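First up is the structure itself, then whatever we jot down about it.
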There are 2 protein chains.
Amino acid sequence: MTSTKRKPTIHEVAHMAGVGIGTVSRVINNHPSVRAETRAKVQQAMEHLGYAPNPHARRVAGGRSYTVSVLLPFVATEFYIRLIEGLEATLSEERYDLALFPLLTPKRLERYLRSGTLAYQTDGLIVASYDLTEHFAGGQFPTDRPVVLVDARNPNYDSVFMDNLLGGRLAAEYLSRFPGELFFITVEEDIDRVFSHTVFAERRAGFQQGAELARRTVNPDQIFHTRLSAEGGRLALQTFLRHYSPPLNIFAGADLIALGVMEEAERLGLRLGQDVRLLGFDGQPWTAQYGLSTLAQPVEAMGARAAQLLLERLQNRRFEPRQVRFEPHLIERPSTLGAQVIDSR
Amino acid sequence: MTSTKRKPTIHEVAHMAGVGIGTVSRVINNHPSVRAETRAKVQQAMEHLGYAPNPHARRVAGGRSYTVSVLLPFVATEFYIRLIEGLEATLSEERYDLALFPLLTPKRLERYLRSGTLAYQTDGLIVASYDLTEHFAGGQFPTDRPVVLVDARNPNYDSVFMDNLLGGRLAAEYLSRFPGELFFITVEEDIDRVFSHTVFAERRAGFQQGAELARRTVNPDQIFHTRLSAEGGRLALQTFLRHYSPPLNIFAGADLIALGVMEEAERLGLRLGQDVRLLGFDGQPWTAQYGLSTLAQPVEAMGARAAQLLLERLQNRRFEPRQVRFEPHLIERPSTLGAQVIDSR
DNA sequence: CTGAAAGCGCTTACAG
DNA sequence: CTGAAAGCGCTTACAG
């Protein structure tokens with residue numbers, strides 16, 4: 001006895017609207033074959049009663065969970081906030097719920113996937129940022145549910161991914177147009193991280209390629225490894241300045257790291273866009289106010305696309321795994337444009 | 001049609017065990033009034049069939065969600081991993097599920113609490129680390145579900161909290177026994193954080209109190225504010241060393257920050273436990289291998305206690321809000337014991 | 001386009 | 001201690 005007041009049911013709605021419960025159900029589920037007039041009557045009754053369908057009854061009767069699980073790193077980045085919003089926007093249109101499963105340890109993941117109740121909890125899986133197949137025998141997820149990867153890539157599964165190599169290359173090409181050396185701040189995995197991704201390694205490889213194409217050298221001490229935090233950016237700038245003098249052209253592997261670079265530059269009295277040219281990656285909403293140039297990722301769109309792929313799978317459609325590639329796009333702001341631009345192309 | 005093979009139901013189990021479905025249900029729910037012999041028969045049948053109860057059917061028939069929602073910050077700390085484990089251990093015994101709700105924005109929270117479906121999703125709420133009442137009119141959560149706070153405190157709700165003030169005081173008292181100045185590294189909220197907690201402010205206040213009691217002064221530049229990251233600890237040590245010379249006695253507000261201090265000390269060739277005496281807070285599992293002294297929090301136990309309080313509320317028991325206080329306890333390791341101990345008590 | 005009815009897989013008094 | 005039966009609130013063919 002947890003609830004205080006009885007909640008209205010489909011029967012009460014049907015009674016009030018003067019229709020059968022089947023019709024109410026059809027209205028709830030946006031079934032096309034309902035007369036507009038009938039639909040209106042039913043909707044009025046629902047509103048009047050403050051009716052909300054019981055999802056559990058729906059799941060029992062429908063024989064499905066109407067739920068999609070999202071397996072994602074347990075980190076504080078805005079990236080995942082945006083990703084979740086993209087997923088949710090698309091899934092909720094089809095009345096699917098989202099269940100978040102934070103990837104903490106492989107043991108938990110294993111337990112989760114093999115648990116007898118997962119069958120009831122989830123119609124499909126979305127796996128963010130990791131290609132987890134390596135954790136399982138045969139490179140297959142131990143589940144009969146459809147799986148879609150987002151911000152990650154595997155040829156055996158539908159994948160929605162960012163072309164990080166291209167991103168790194170664009171960064172190097174762009175920063176090469178300015179005087180001064182090139183620098184890169186990359187994120188290293190924590191030692192204790194058991195799940196690994198390749199995002200930052202790809203950006204770095206792209207950056208090296210782009211630098212080569214522009215005939216610029218990037219020495220090992222022009223690359224700083226740190227964790228994904230603003231403070232990592234601050235440390236990076238301090239370290240660069242021990243051996244190099246402004247102007248510095250810095251590509252931060254993530255906006256959050258670029259934020260730390262900005263803070264430290266300000267503390268040191270360096271002018272952004274002149275002494276330090278700074279380019280981030282992600283396109284977080286706050287970068288606009290901060291005047292941070294960045295390679296923007298259409299994160300919400302990636303989430304929406306992944307959700308769409310999964311919904312199609314859930315409709316039992318059979319096709320080969322689909323690979324959807326997204327590209328970052330450059331947004332120029334004061335952090336790189338403080339002074340005159342030398343266009344050497 | 002998402003599932004591949006039909007899952008066995010309670011009827012099949014009953015048939016195979018030669019009992020009624022009611023009996024099977026009683027076995028599943030650990031109802032006391034089942035003969036051991038009957039129970040064994042049923043369990044055998046369940047195992048043989050690979051039976052797992054359908055949680056949705058249970059929720060419909062039982063009229064409850066059998067689910068507890070945990071509202072928690074979306075951060076990567078091990079603290080929450082441990083907290084979740086403590087909660088889950090206790091709740092799963094009573095066949096309650098856990099639903100994680102990451103606190104991203106107040107808007108999402110509002111939408112979530114007021115949504116018509118929350119009534120179906122959740123029998124009770126556990127709110128971690130934040131006293132969210134300030135966000136709502138009248139200082140009450142806009143829900144008729146029982147609410148328990150953990151790692152936070154509010155007189156109107158059951159609360160399980162850590163005595164952070166005591167923790168800070170213990171830290172100062174302990175570190176005062178060593179030669180050298182006292183330092184504190186605290187965590188500041190990000191500007192964009194809308195949810196705020198008082199944990200670090202409390203530890204700091206306690207630290208100041210403890211220092212006073214020990215007749216030690218702590219100047220403003222002996223306190224460093226940073227974000228919750230290992231790199232924050234590295235920056236802190238660098239900063240302290242600009243104005244102070246070893247030995248330094250540092251209380252890091254969190255183990256994660258202490259980790260950064262250790263890394264930076266090593267990089268600078270400083271001896272831990274001699275040049276730098278370091279005390280963390282949390283008692284993360286890895287601190288043992290790293291030899292980090294720390295004020296350990298019984299996180300799992302706090303989670304278990306919170307779960308227990310909520311389960312009691314769910315049994316419809318009425319009592320005044322209960323406040324359960326936990327204390328940290330000091331674990332001494334090489335990071336403070338590298339040299340001789342001056343016991344001045 | 002719509003209603004009556006069967007069915008989804010459980011829980012829970014009610015008898016015995 | 002246990003079984004038969006009603007009921008939870010939906011979905012979904014099946015008729016019309």
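To find a chain, count down the sequence lines: A is the first, B the second, and so on, and within it residues start at 1. It should be emphasised that the depicted structure is a prediction, and the values quoted were computed from it without experimental measurement.
A:P55 comes within contact range of no nucleotide atom at all, as no heavy-atom separation falls under 4.0 Å. Note on A:V24: nothing from the nucleic acid sits closer than 4.0 angstrom, heavy atoms only. Within the 4.0 angstrom heavy-atom criterion, base atoms lie near A:I21. Residue B:V60 is classed as a base contact, given a heavy-atom separation below 4.0 Å to a base.
Which of D:dT12, C:dG3, D:dT2 sits closest to the side chain of B:T23 comes down to D:dT2. If you check D:dG9, D:dT11, D:dT12 against the side chain of A:R64, the one that comes closest is D:dT12. Here D:dT2 is the nucleotide among D:dG9, C:dT12, D:dT2 with the atom lying nearest to any side-chain atom of B:V34. The A:I10 side chain lies nearest to D:dT11 when the options are D:dT11, C:dC10, C:dC1. The side chain of A:N29 lies closest to D:dT11, out of D:dT11, C:dC10, D:dT2.
Residue B:N54 places none of its side-chain N or O atoms closer than 4.0 Å to OP1 or OP2 of C:dC8. For the OP1/OP2 pair of D:dT11 and a distance below 4.0 Å, the side-chain nitrogens and oxygens of A:S25 include at least one atom meeting the criterion. The phosphate of C:dT11 has OP1 or OP2 within less than 4.0 Å of a side-chain N or O from B:R58. Contact annotation: B:Y120 does not reach the phosphate of D:dC8 (side-chain N/O to OP1 or OP2, under 4.0 Å).
Taking a pair as Watson-Crick or G-U with both hydrogen-bonding distances under 3.5 Å, the stems of three or more pairs touching DNA chain D are C:1-3 with D:14-16, C:5-12 with D:5-12, C:14-16 with D:1-3.
The side-chain tip of B:R305 does not point at the ring of B:F326 from less than 6.0 angstrom away and within 45° of straight on.
A:S159 and A:N154 form no side-chain donor-acceptor contact under 3.5 Å, judged by distance and modelled atom types alone. Checked by atom type, the side-chain pair B:Y112/B:S69 shows a donor-acceptor distance below 3.5 Å.
The main-chain N or O of A:T122 is found under 3.5 Å from a side-chain atom of A:R145 such that the two form a donor-acceptor pair.
Classification of the A:H56-B:H56 ring pair by plane angle, with boundaries at 30° and 60°, yields parallel. The aromatic rings of A:Y66 and A:Y96 lie tilted to each other, with the angle between the two planes from 30° to 60°.
Side chain B:R59 to base D:dG9: no donor-acceptor pair is found below 3.5 Å.
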